[in-house]
Trainee: 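Sharing a structure with you now.
Hydrogens, waters and symmetry mates are skipped; everything else that's a heavy atom, side chains included, is used. Numbering of ligands and ligand atoms starts at 1, following listing order.
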Amino acid sequence: MKFKRGLVKRKMAKIIDGKTISLDIKNEVKQIAENLVEKGVKPCLAVILVGQNPASQVYVRNKKTACEYCGIKSLSYELDESISEKELLDLIDKLNENKECNGILVQLPLPKHIDENKVLLRISPEKDVDGFHPYNVGLLSIGKAELKACTPAGCIELIKRSGVDISGKNCVVVGRSNIVGKPVSMLLLAENGTVTICHSKTKDIKAVCKEADILVAAVGIPNFIKGDMVKEGVVVIDVGINRLENGKLCGDVDFEEVEKKASYITPVPGGVGPMTIAMLMKNCIVACKNQNNI
Ligand code: NAD
């Protein structure tokens, strides 16, 4: 096709709409929850919040709202900042024993005097709906996880539900954190992607990213991935949530630049963000079914 002089052919990526996809997943969960109720089982999630961190309060509120929407009962524990580690561990022990409760979520971060690792280890692996327990992390690494870390699992859903086949693709993950980078890499591998992980010590990140058919950015640096770091047609999943000085949210990907080359891209906000809670709801159902042998 010929273009008139002065006109620039501008390609636009398809936007992967996390709001719509997450709503689809919550509706699927709601349907399964209704079926479980008909069988006499009400899925139930316990949400534990320690202290008054405003961001954590918002996350917890959103999780409870999602439970309500999906027909999952939520048990709420809002504990004082000064609670001892032992008191928190005792509560987790009680919830581990409580047959009515299928999932336990401890909102992070915890106050400094409480050892987060100790707390996460105490949650029974079959109630670990965040997928952070080393038992579930181990299952993930051998491709057998049922309770998968929510944000990474959400990334995979976004890719698959956009009709993109991961098998055989060069997948580059930027970031190697335990909650995003590593688990999303394992999940891409389980989908038969050829996975490369970049991190703060990687030499020539640009060269590695340019090889990506699928690029997942989980760095925590605003606009880190620039247009000249990606190839034409790349599928981009931006996990980053960064608050700029002007109060606006932005991702780890320079959306304006990268969108011109990408075939698919997630926006921030409205991309990966809403998926985390949807996958949490899904994990509650998985946990509930497993515990009831359904
Ligand atoms: P993190 O700080 O734990 O890890 C960041 C990773 O990026 C590290 O592995 C580090 O090696 C790598 N990194 C840092 N600087 C780098 C550089 N200059 N070059 C290459 N790699 C570099 O962060 P995280 O918990 O994995 O989160 C990453 C981002 O995702 C953050 O913006 C966070 O807010 C966001 N996040 C979003 C969700 C969601 O629900 N959408 C969930 C979790 C995290």
Side-chain angles (χ1 to χ4, degrees), residues 15-23 25-26 53-56 58-63 65-66 105-110 116-117 120 129-132 137 140 148-159 171-188 195-212 215-226 228-230 236-245 247-255 258 265-283:
I15 307 296
I16 302 179
D17 181 357
K19 278 192 204 154
T20 305
I21 296 177
S22 65
L23 185 61
I25 292 172
K26 282 191 283 183
N53 179 327
S56 295
V58 173
Y59 291 139
V60 162
R61 197 165 56 235
N62 291 344
K63 286 167 189 175
T65 307
L105 183 139
V106 179
Q107 185 63 48
L108 300 179
L110 289 170
E116 270 181 17
N117 252 338
L120 296 180
V129 283
D130 259 336
F132 291 160
V137 176
L140 192 80
K148 299 168 188 164
C150 300
T151 303
C155 294
I156 302 296
E157 287 292 326
L158 288 175
I159 299 170
C171 304
V172 174
V173 177
V174 189
R176 59 171 162 183
S177 71
N178 290 335
I179 61 164
V180 189
K182 279 185 207 153
V184 83
S185 304
M186 286 300 162
L187 291 172
L188 289 164
V195 183
T196 308
I197 307 173
C198 297
H199 47 79
S200 51
K201 300 285 184 286
T202 300
K203 288 184 184 141
D204 203 352
I205 286 203
K206 183 173 167 179
V208 182
C209 289
K210 277 205 124 173
E211 293 298 313
L215 180 73
V216 180
V219 201
I221 301 177
N223 300 323
F224 181 81
I225 304 289
K226 298 287 179 192
D228 65 356
M229 293 171 74
V230 298
V236 179
I237 305 295
D238 187 353
V239 185
I241 301 180
N242 309 293
R243 177 95 40 203
L244 299 175
E245 274 176 14
K248 281 195 174 162
L249 282 186
C250 105
D252 291 347
V253 175
D254 189 321
F255 186 88
V258 173
I265 188 167
T266 59
V268 177
V272 176
M275 294 299 288
T276 302
I277 290 185
M279 300 313 288
L280 173 70
M281 297 298 108
K282 195 168 176 191
N283 274 348

Trainee: Among protein heavy atoms, which sits nearest to atom 11 (O) of ligand 1, and what does the distance come to when rounded to 0.1 Å?
Mentor: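 Ranked first by proximity to atom 11 (O) of ligand 1 is Ser200 N, 3.2 Å.
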Trainee: Heavy-atom contacts under 4.0 Å between Asn242 and ligand 1: side chain, backbone, both, or neither?
Mentor: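 Contact part for Asn242 vs ligand 1: side chain (C-beta onward).
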Trainee: Using a 3.5 Å cut-off on N or O atoms only, is Ile221 in polar contact with ligand 1?
Mentor: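 Min N/O separation from ligand 1 is not below 3.5 Å for Ile221.
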Trainee: Quick one: look at Thr276 and ligand 1, take heavy-atom pairs under 4.0 Å, and tell me if it's side chain, backbone, both or neither.
Mentor: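 Contact part for Thr276 vs ligand 1: side chain (C-beta onward).
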Trainee: Would a 4.5 Å heavy-atom cut-off, applied to side chains only, mark Val258 and Ile265 as touching?
Mentor: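 Answer yes - side chains close enough.
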Trainee: Kindly identify the option in Val219, Val174, Asp252 whose heavy atom sits closest to atom 14 (C) of ligand 1.
Mentor: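 Of the listed residues, Val219 has the closest heavy atom.
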Trainee: Around atom 18 (N) of ligand 1, find the nearest protein heavy atom and jot down its residue, atom name and distance.
Mentor: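 Checked against all protein heavy atoms, atom 18 (N) of ligand 1 sits closest to Phe224 CE1, 3.6 Å.
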Trainee: What atoms in ligand 1 come closer than 4.0 Å to a heavy atom of Ile205?
Mentor: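 What qualifies from ligand 1 is 19 (N), 20 (C).
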Trainee: What is the closest protein heavy atom to atom 8 (C) of ligand 1, and at what distance does it sit?
Mentor: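 The answer is Arg176 N, 3.9 Å.
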Trainee: Please identify which atoms of ligand 1 are closer than 4.0 Å to at least one heavy atom of Gly240.
Mentor: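 So the atoms of ligand 1 that pass are 29 (C), 30 (O), 32 (O), 35 (C).
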Trainee: Specify the closest pair of heavy atoms between Asn283 and Val129, including all atoms of both residues, with the distance to one decimal.
Mentor: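 Answer, listing the atom of Asn283 first, then Val129: ND2-O, 2.8 Å.
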Trainee: Given Gly251, Ser177, Pro152, which one has a non-hydrogen atom that is nearest to atom 24 (P) of ligand 1?
Mentor: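 Ranked by closest heavy atom to atom 24 (P) of ligand 1, first place is Ser177.
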Trainee: Give the residue, atom name and distance (to 0.1 Å) of the protein heavy atom nearest atom 34 (O) of ligand 1.
Mentor: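 Scanning the protein heavy atoms, the shortest distance from atom 34 (O) of ligand 1 goes to Ile241 O, 3.3 Å.
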Trainee: Classify the contact between Thr151 and ligand 1 as side chain, backbone, both or neither, using a heavy-atom distance cut-off of under 4.0 Å.
Mentor: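 Just the side chain.
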Trainee: On a heavy-atom basis, I'd like to know which of Gly220, Gly271, Gly154, Cys250 is closest to atom 31 (C) of ligand 1.
Mentor: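 Comparing heavy atoms across Gly220, Gly271, Gly154, Cys250, the nearest one to atom 31 (C) of ligand 1 lies in Gly220.
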Trainee: Counting N and O atoms only, with roles assigned by atom type, does the side chain of Asn242 sit under 3.5 Å from a partner on the main chain of Cys250, one being a donor and the other an acceptor?
Mentor: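 Between the backbone of Cys250 and the side chain of Asn242 there is a qualifying donor-acceptor contact (under 3.5 Å).
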Trainee: Measure across Ile225 and Ala217 and return the closest heavy-atom pair with its distance rounded to 0.1 Å.
Mentor: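 Scanning both residues completely, I find the closest heavy atoms to be CG1-CB, 4.0 Å.
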Trainee: How far apart are the closest heavy atoms of Asp254 and Asn223, and which atoms are they?
Mentor: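 Nearest heavy atoms, Asp254 then Asn223: CA-OD1, 3.6 Å.
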Trainee: Hey, is Gly273 one of the residues with a heavy atom under 4.0 angstrom from ligand 1?
Mentor: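 It does, in that a heavy atom of Gly273 comes within the 4.0 Å cut-off of ligand 1.
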Trainee: Taking the side chain as C-beta and beyond, is there a heavy-atom pair between Val236 and Thr266 under 4.5 Å?
Mentor: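 Answer no - side chains too far apart.
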Trainee: Identify the closest protein heavy atom to atom 44 (C) of ligand 1: which residue and atom is it, and at what distance?
Mentor: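 Nearest protein contact, heavy atoms only, for atom 44 (C) of ligand 1 is Val180 CG2, 3.8 Å.
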Trainee: Does the Ser177 side chain pair with the main chain of Val180, one donor and one acceptor, at a distance under 3.5 Å?
Mentor: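 Checking the backbone N and O of Val180 against the side chain of Ser177, a donor-acceptor pair under 3.5 Å is found.
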Trainee: Quick one: does Glu116's side chain have a donor or acceptor within less than 3.5 Å of a partner on Pro109's backbone?
Mentor: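 No, because the side chain of Glu116 does not come within donor-acceptor range (under 3.5 Å) of the backbone of Pro109.
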Trainee: Please state whether Val239 comes within less than 4.0 angstrom of ligand 1, counting heavy atoms only.
Mentor: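 Val239 counts as a contact of ligand 1 under the 4.0 Å cut-off.
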Trainee: For ligand 1, is Ala218 a contact, meaning one of its heavy atoms is under 4.0 Å away?
Mentor: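 Heavy atoms of Ala218 do come under 4.0 Å of ligand 1.
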Trainee: How far is atom 25 (O) of ligand 1 from its nearest protein heavy atom, and which residue and atom is that?
Mentor: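 Answer, as residue, atom name and distance: Ile179 CD1, 3.5 Å.
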Trainee: At their closest point, which heavy atom of Phe255 faces which heavy atom of Pro267, and how far apart are they?
Mentor: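 Reported closest heavy-atom pair: CE1-CA, 4.0 Å.
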Trainee: Would Leu249 and Arg243 count as a side-chain contact (heavy atoms from CB on, under 4.5 Å) here? Give the steps.
Mentor: CA-CA 5 Å; Leu249 282 186; Arg243 177 95 40 203; 3.6 Å; yes
Trainee: Output the list of atoms in ligand 1 that are nearer than 4.0 Å to some heavy atom of Gly175, sorted by atom number.
Mentor: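 In order of number, 6 (C), 7 (O), 9 (O), 12 (C).
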Trainee: Taking all heavy atoms of Cys155 and all of Val239, pick out the closest pair and write down the distance.
Mentor: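 Heavy atoms of Cys155 and Val239 come nearest at SG-CG2, 3.7 Å.
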Trainee: Kindly give the heavy-atom pair with the smallest separation between Ser200 and Arg176, and that separation in Å.
Mentor: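 Looking at all heavy atoms of both residues, the closest pair is OG-NH2, 4.0 Å.
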